[in-house]
Every structure is written in C-alpha cells, then in structure tokens.
Amino acid sequence: MNQKYHPGKIEARWQSIWEKTKAYAVTADPAREKYYLLEMFPYPSGRIHIGHVRNYTIGDVVARYKRMCGYNVLHPMGWDAFGMPAENAAIANNTHPAKWTYDNIAAMRRELKQLGFSYDWDREITTCTPDYYRWEQWLFVKMYEKNMVYRKESYVNWCDRCQTVLANEQVEAGDCWRCGDPVRQKKLWQWFFRITEYAEDLLEYCHKLTGWPEKVTTMQKNWIGKSTGAEIDFPVAGTSEVIRVFTTRPDTIFGATFMCLAPEHPLVETLSAGTDQQQAVAEFVDRMSRESHADRVMDNQEKEGVFIGAWCENPVNGRRMPIYIANFALMEYGTGAVMSVPAHDQRDYEFAKKYGLDIIVVILPEGVDEADVAQTEAYAGDGVMVNSGDFSGMENTAGKSAVIEYFEKKGIGSRSITYRLRDWGISRQRYWGAPIPIIHCEKCGTVPVPENDLPVILPEDADLVGGGKSPLGRLDSFVNVDCPACGAPGRRETDTMDTFVESSWYFERYCSPDHHTAIFDPETVKYWMPVDQYIGGVEHAVMHLLYSRYFTRVLHTLGLVDFKEPFTRLLTQGMVCKETVHCKTHGYLYPEETQYRQDIPYCTKCGEAAEIGRVEKMSKSKKNVIDPNALVESYGADTVRLFCLFAAPPERDLEWSEQGVEGSFRFLHRIWRLYARWVERLEKQKPYTKDPAALPEHARELYIKTHQTIKKVTDDIEQRFHFNTAISAVMELSNQLNLVEPERNDAAVDGVMRFALDSIAVLLSPIVPHITEQLWEAMGNEPGTLCNRQWPAYREDCLASDKRLVVVQVNGKLRGRFEIDAGADDAAIKARALEDDNVVRFIEGADIKKIIVVKNKLVNIVL
RNA sequence: GCCUGGGUGGCGGAACAGGUAGACGCAAGGGACUUAAAAUCCCUUGAGGCAUGUCCUCGUACGAGUUCGAUUCUCGUCCCAGGCACCA
C-alpha cells in the first residue's frame, strides 16, 4: 500500500465503479422500509457553488447512513431548469435558452458526480423537458376544471428590467429579487391559483410539522397572517351605499371617528363625484397609482390622505364620520376600508392629529384616568370599555364578542377572518417557462387544452429580443389555433408559468420519473412519499416550501395522493460565508487576486495592502467566492466534503477557511498512513468482537474507545445531524490508535486494532466514501462492499468503563478529583472525597453543613 | 417596531436532562528528523498571580435572581444575523 494518499485516482476509480454497477439505483420494494431523502434541486446556472456542495454533502451523509442502516433509500437529483437567467444569457450570448440550459446541466452533472454523491441518476428530472411540464399542464387543466385556477385583471408587481411580473414574495424591500431594480405597479390579466382556499389548513398544519425548524413554521404562520375580527357595514350618509370594513377591534367601534378607504376602493370615484373634493381626490389617486406598491407599503411613510367629500354613519351611535382616502389603506387586505379609531390605533392617531380629527377614548386601562389616555400616542392594549353605550363597563376582551353578537342580531356585521396571504399569481410574460395550456376563444372564453393535445410544446424558434409583448405572443405559429370547443379560430395563452410551479411537485415525479401515462404512478408515490427528510437553504422558507405544501393539498383534493404534507422533516442549512477583501483602488477582490504576507492581503493588481472586511455570505458581488471545482482538484472530493461537515453544524452558517480545508486533508492523510502502517500485519487478521473483559488492559481500552466512538458517531448523525462532533470523535479514536505501534508485535492487540480500523472505515464512509472504500479494500475486504455494509452496533458493556472519575467541590468550587470503582456507593464516595489532600485544606476547621453526592460523578461539600 | 436564532480562547467550534468550561480542528510558539526546505512527529498554548502546584483568583456579551452548584433555568439590558412590517 502506497504511503501517500492521492485522492485523484482513487476518487475517479470509485466513481466509475458506482456508475457502472448503478450502486445507488433503487426500486420501490414494499417488503423493505423506505427512506426518502431529498435535497432541493439546483437551478442550472452553470457551475456548482459551495452552498450546493454543503447542502448535497449533508444530504449524502444521511442517505448513505440510512442505506447502511438497512433502509431502501430514495436519493434523487435533477434540475429546476426553467427561469429567466437562461433567457437573459441567451440574449447576451446570442444562443438559445435550451442550449444554454442543457450545457449547464451537463457541466453541473459532471461536477456533482466528481463529488461522489450517492444519487440514483436514473431518476434525473429536467423540468424544461416536455416529459416533465406536460404533467404540470395536465394538472393545471385539472385545477381549472375544479375552479382552483382563475383569471383576473389585477395590479401586479412589474419589473421593467426583467419585463416580467413578480410575486409578492419575489419583491424584496421594494426591489426585484433577481436584478434589484425597483418594482412598479401594472394592471394585467393574470392567472391565479386559489392558495387562499387552503390558508386555514396550511396554517393549522404548521403546528403539526414537528420535524420542521420552528423558525420556518413561524415564518409561514406570519406569512399567512391570520387576523380574527369582524366585518361591519357603515351606511354612507345620503345614499343607499354601505362601506364594509374589516376590523380586529370591534370593541373600539364607539371610538371610530372617521373612515379611510384605499385609493383603489371602488366607492372612491362614486362618492367624490360632484363634490368640491373631486379634483383633489382624483389627483391623490393618480399620485398613488404612480407610486409603486412597494414604496407605499415598505417605507415608513408619513400618513397622508384626502377627504372625499362624503360622510358615513357609525352604526352604533349614529356619529357622522368623514370619509378619507389614505395612503396606508390597502385594497388587497381586508375590504380595502378601515374604520379609524384614533385613540386606540397608532396609524389612525397620527392621521387624526395631522388632519385635526376627533379622538375619543373608549378603552380605559386599569388605574388610569380617562384624561390621560391617548395624549401622545394611541393606546392599543386591553382595558374597560367606556363611552360605549350599553357596553360601557365591560372588559374589552369580552366586549369584542358582545359587540359582534350585537351586529349579527341587527344584521349589520358578522364575525370574520382575514388572511395576509393572497392568491398565487403564476402568469409570467416570459419565454423560458411552461406554457399555460389555455386557448382564448371569442365565443367560448378561456378553454383548456384537451388532455390529448398535451403537452403544449414550448416552440424553439421564438424571438427573444424586442420588448412589450411576451416572446410567445409574437410567434403566430404558436398563437393561432382553433378553439377546441367550437372550432372557431382562437388564440393560445402566451404567458408561461412561474417556475415555482415546477418545484412544487418534482418530489412526486421522482418516484416514477419515466411514467408516461400519468403525472406519476400512484403505487410508487404511495410507497415513497412523503419525503422523510428534506434539506435546503432557509431562503426558501416561505415561497417554495409553502407552494409545495399547497400543491400537495391540491393533489390530495384531486384524489391523487393520500397525504397533505410533502416533507416530514426539514433541515435548513446555514449559509457559507467568507471574509471579504477590499482594495482601495480596485474594490472587492477575488481570493485569486490577493496574496497573503503575514496575514495581510495584498492586491495582486497594484501590490498595495488591502483591507480585510466583514465575514459575509459568499456572493459574486462581494467576490468572496470559492470555486469547488478547484478545491476538488487540489484536495479531492473527500476533503471538501469533510471540511463542509466539520467546520460547523449544518443549521449554522459556515465560515470558509482555506487552512481548515488543509487540516481536513491532513486528517485524511493521517488516517491513510495509519492504515498503511498496519495493513501488512492485519490483512489476514479477524477483528475482535467479543467480550471486553477477556482482553488485557491496554487492548481493552482501545476496544472500549472504539465502541464508544461508534455510539457517539451514531447518535450524532441519527439524532442531530451534528457531523462536526461525529468527526471529532473519530479523530479522537484515530489519535489514540496512532500511539500503538505495529513494530511491537503485540499479538494481544491485533484483533482489537483490526476491529478499530474497520470501524473507522465504516463510520467515516458516509462522509468520505472514496478513501474509506479504498482502505476497506486494502485491508483485504471484497472491493466495493463498504457502502452496502451494515451500520455497526456498539456493545453496551463497553460504554462505561469500570472506573469513574469523581470531582469534588467545596462550596461549588472544584477542589479535587479521584477515580473510583463504578459500583462504589455514596458513602464510599463521600469518604474518599473527605480524604483528598486539597479538599482537606479547604474544609479544615470549618463546619460542614451539607454534602451532596451525585453518584459516579460529583461530591459537593457545603460549608 | 414585531417574530426567530445567536453572543464561549487568537480563530471555527465542544459541553446533546443544572454537575470538571474550552473536546476536536485551525493558527501561533518551541523541539525532533533533515545538508536545508517541505512533509511528518512530539511538547506548550483562556487571562492573571505567586508559594510553580493533583495551587489560587478571574473568566461563557452585561446586570440581577433561583440553586449546594448556572455557558445551561428566570427576569432585565446591550449587541449581531435572518425574516416580517402602514395588515385595519
């Protein structure tokens, strides 16, 4: 066996063996217990980045571990292949999005294979293929038939640069999440999924997702944003119109002194018509429409509004309330109208102060004088109702229900629930996406494409450049089609679907990727789904995960699956970060543009010393990126995998360190040399697996340590995915083994040594599969059998040694320690503690008040 | 502002039911091997003190508290990261 560890050849060799033997291909087998491990599939941007490597390494360890534990493990990989970067790149490089995408996929597949992940490549999915999106279109038609999809004209977030509509979730702080340009409002006909129909169910199940990080379910709950309250009708003075408001505080209705409408509210125009406010209102509405939705919602703008020249009447006390339009009233939340109670709502308070409107206190906190409430700010807390007619004197918490019941009796209001969540707009005016399978007919309206005509193939000859309309809209051969219902000339829908649609059901398709007669084979889905463990970035905590949960409910409603939640357990791994380096003249520097001398980076362009900046998430804009490919080339995949796991537990951010990588490489090298020293002596040696008691002491210690390591590694992987501590444990074991020298010819230790070395190979194999397979073979084992080996069990009789270390405290401070037989009773432990020289120094001449003994662990003497 | 996390040596991180704080690794310093360097191996390494020890004091963001005993539990404060935010 070579003394030196050369990862290059070894890794290529095992990868080709795994590929040839289809080592990780699986089939549904009802006789075996399944485990579905899924990592979020990547967008084929061109190269694998280090975040992918971390994500997929974590997943691969779990997949390999579960396989070794006997599960039938489904571990697939594929490509989230539709999306705008392909289009942008195609325009920039004068190529076709398909070519760009497929080239990228080929390159990234090669990179993934070089990392040795245990995927069943036979199940590879590419979402931009008709094979895949035809079933998405099929599902769209089913949803259309069940009225789960609809079309409406609505304001949408529009990005001028990307020429596309964005979902609310895709707008970050008022800007496009992709390009960062400001987003503005545009009115378009859009297709929507009725996700709000499932709002309550999605919310309710958040509490049942016990295998998810609380962080994520909390974010989803906030996103759904349920509010309980009432809807109440306010009659408009002098007309038969009523304004319906939603409020969470019906208990404050006696304090409502004015009304605020959203600028888009349908009554704004009618009510202001013919009044002297008409002009001012029109101007305000116009100004608001030009301001982007994001600006209106995001900035803590000053509250402003305009009186619309009409009044309504407070239904509980007949008070005449002026009606305003206000910039903070949102048409898409509640009813687009707010009953304003300035004494008890901060926004309303500021608005009232600004425009000199009445403030009436109706809730009195305990022990406070009415004159002191709402003097400088609104009081939003609980208290006793005052100035509230028959309700005065009631606790406001009870008052809420009482007021609602009163409304219901009088027929002017009712209990109501509102959600922040809105329906999912899926129309995109882009080329590189799945066509929406609808035909517009003048006579029949919107007609779904019949099942037999699916898929609606995305034509390859679209002209991507040239603005205004969607590229598909400029393609007559695509647009012109006969109406399937009446045969008259019709027009195809030219919008494509949001790419979040593809990623909302790909995990089901993985179960039967080659099924050509249905969206998936129900039997295999029944066997594999739901996903037992899903792993991905926390940046998908709201959109992707909520959409996937929604889609699974749709499939459930359509009778296609018998579960509602797609992902039983979720792990969100942290980001990969690295320090930034900044040169005064050249800005941010790539690692290869810096040279370190005595820990100070120098810019290779100008030779000047550069500044080390904050540690930040790796990104191209900060240039603090690492190319995984280059790392694999110089250190090998095993080292890269090992470092990704060792540097931090998965849920935390990982700080990249070149020296850390170096350290991981050295560790693998140490393991390699440890084997090299022993391989000749132990090749034919059987591992010792019997009772530890039969061994001489030095061998027994090694044997016990090995079993303890097996337990530690097993627990760390199984219970917490804390691979960093699992690796530490193996390092400790290997450090101990390194002290044993084969040259001593100590036959008593050989069997134990063989057992320990075998164990190291097995324990490390999910983490560093190539080197361990190589070492396994070198030890005379059948080549390639390590990855199919049973995960080792540990002997209970090895977990605790027969000696225990007991520490002695005096008044809680550590003063001594001693070893004692494990079986020793409290009295014996106490006696030993009191004999300890150093302990005696501290207790001499003092009164002992109390002695606390924790068996086998600790004595605390209290003076 | 609200909701999540988090704050431990020079650094990444351990301590997974309140019981030895700093495992493991990195970096640094010293030594061995070598003509030399690299690689490798060994030793030291939280801060301070002196009486140099199986020693003492301090120490897990800060301040209180509960406890025989707190990195761990409670309350308050500060800071960092992520998410949400005029939601009626």
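Residue numbering restarts at 1 for every chain, and letters A, B, ... go by the order of the sequence lines. On a predicted model such as this, the values are computed, not experimentally measured, just so you know.
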Options [options], nucleotide nearest the side-chain atoms of [X]:
| X | options | value |
| --- | --- | --- |
| A:Met219 | B:G83, B:C68, B:A23 | B:G83 |
| A:Arg347 | B:C26, B:G13, B:C87 | B:C87 |
| A:Val854 | B:C55, B:G5, B:G19 | B:G19 |
| A:Thr248 | B:A88, B:A15, B:U4 | B:A88 |
| A:Leu330 | B:G19, B:A88, B:C56 | B:A88 |
| A:Asn222 | B:C26, B:C56, B:C3 | B:C3 |
| A:Leu814 | B:A88, B:A21, B:G19 | B:A21 |
| A:Asn860 | B:C68, B:A23, B:C56 | B:C68 |
| A:Val862 | B:A23, B:G5, B:C68 | B:C68 |
| A:Ser227 | B:A23, B:A88, B:C56 | B:A88 |

Below the 4.0 Å mark, does [N] have OP1 or OP2 next to a side-chain nitrogen or oxygen of [X]?
| X | N | answer |
| --- | --- | --- |
| A:Arg652 | B:A14 | yes |
| A:Thr418 | B:A88 | no |
| A:Arg420 | B:C84 | no |
| A:Asn735 | B:G25 | yes |
| A:Lys857 | B:G19 | no |
| A:Arg422 | B:C87 | no |
| A:Arg666 | B:C26 | yes |
| A:Arg815 | B:C56 | yes |

Mate of [N] where both pairing distances stay under 3.5 Å, Watson-Crick or G-U:
| N | result |
| --- | --- |
| B:C2 | B:G83 |
| B:C58 | B:G46 |
| B:C33 | none |
| B:C16 | none |

Separation of the [atom1] atoms in [N] and [M], to the nearest angstrom:
| N | M | atom1 | value |
| --- | --- | --- | --- |
| B:G25 | B:U74 | C1' | 36 Å |
| B:G9 | B:G48 | P | 15 Å |
| B:C79 | B:A85 | P | 24 Å |
| B:U4 | B:G10 | P | 33 Å |
| B:U35 | B:G29 | P | 24 Å |
| B:A47 | B:A32 | P | 25 Å |

With a cut-off of 6.0 Å (strictly less than), are more than 12 heavy atoms of other residues, nucleotides or ligands near CD of A:Glu214? no
Enclosure of A:Asn2 CG (heavy-atom neighbours >12, cutoff 6.0 Å): yes
For A:Phe646, check ring pair (Phe, Tyr, Trp, His ring centres under 6.0 Å) against everything at least two apart and list the hits. none
Of all residues at least two apart in sequence or in a different chain, which pass the ring pair (Phe, Tyr, Trp, His ring centres under 6.0 Å) check with A:Tyr635? A:Phe665
With heavy atoms under 4.0 Å as the rule, sort A:Gly663 into base, sugar-phosphate or nothing. sugar-phosphate
Using a 4.0 Å heavy-atom cut-off across all strands, classify A:Ser657 as base, sugar-phosphate, or nothing. nothing
Which donor-acceptor pairs under 3.5 Å do side chains of residues 244-263 of chain A form with protein atoms, sequence neighbours excluded?
| from | atom 1 | to | atom 2 | distance (Å) |
| --- | --- | --- | --- | --- |
| A:Arg244 | NE | A:Asp233 | OD1 | 2.8 |
| A:Arg244 | NH1 | A:Glu231 | OE1 | 3.3 |
| A:Arg244 | NH2 | A:Asp233 | OD1 | 3.4 |
| A:Arg244 | NH2 | A:Asp233 | OD2 | 3.1 |
| A:Thr247 | OG1 | A:Arg249 | N | 2.9 |
| A:Arg249 | NE | A:Asp251 | OD1 | 3.1 |
| A:Arg249 | NE | A:Asp251 | OD2 | 3.3 |
| A:Arg249 | NH1 | A:Ala380 | O | 3.1 |
| A:Arg249 | NH2 | A:Asp251 | OD2 | 3.1 |
| A:Asp251 | OD2 | A:Asn396 | ND2 | 2.9 |
| A:Thr252 | OG1 | A:Arg249 | O | 2.8 |
| A:Thr257 | OG1 | A:Asp358 | O | 2.8 |

Could you pick out which residue, A:Thr335 or A:Asp836, lies toward the 5' side of RNA chain B when each is mapped onto its nearest nucleotide? A:Asp836
Under 3.5 Å: donor-acceptor pair, side chain of A:Trp223, backbone of A:Leu421: no
Given 3.5 Å as the limit, does a donor-acceptor pair link the side chain of A:Arg815 with the main chain of A:Val839, or not? no
Carboxylate-amine/guanidinium proximity below 4.0 Å for A:Glu741 and A:Arg677: no
Please tabulate, for side-chain N and O atoms in residues 721-729 of chain A, each donor-acceptor pair with protein atoms closer than 3.5 Å (sequence neighbours left out).
| from | atom 1 | to | atom 2 | distance (Å) |
| --- | --- | --- | --- | --- |
| A:His722 | ND1 | A:Arg720 | NH2 | 3.4 |
| A:His722 | NE2 | A:Glu651 | OE2 | 3.2 |
| A:Thr725 | OG1 | A:Asp716 | OD2 | 2.8 |
| A:Thr725 | OG1 | A:His722 | O | 3.0 |
| A:Ser728 | OG | A:Asn724 | O | 3.1 |

Strand-adjacent residues in residues 712-724 of chain A, judged by heavy atoms under 4.0 Å from RNA chain B: A:Lys712, A:Arg720, A:Asn724
Side-chain-base donor-acceptor pair under 3.5 Å for A:Gln809 and B:G19: yes
In chain order, what residues pass the side chain to side chain contact (heavy atoms under 4.5 Å, CB included) check against A:Pro266, with sequence neighbours excluded? A:Met331
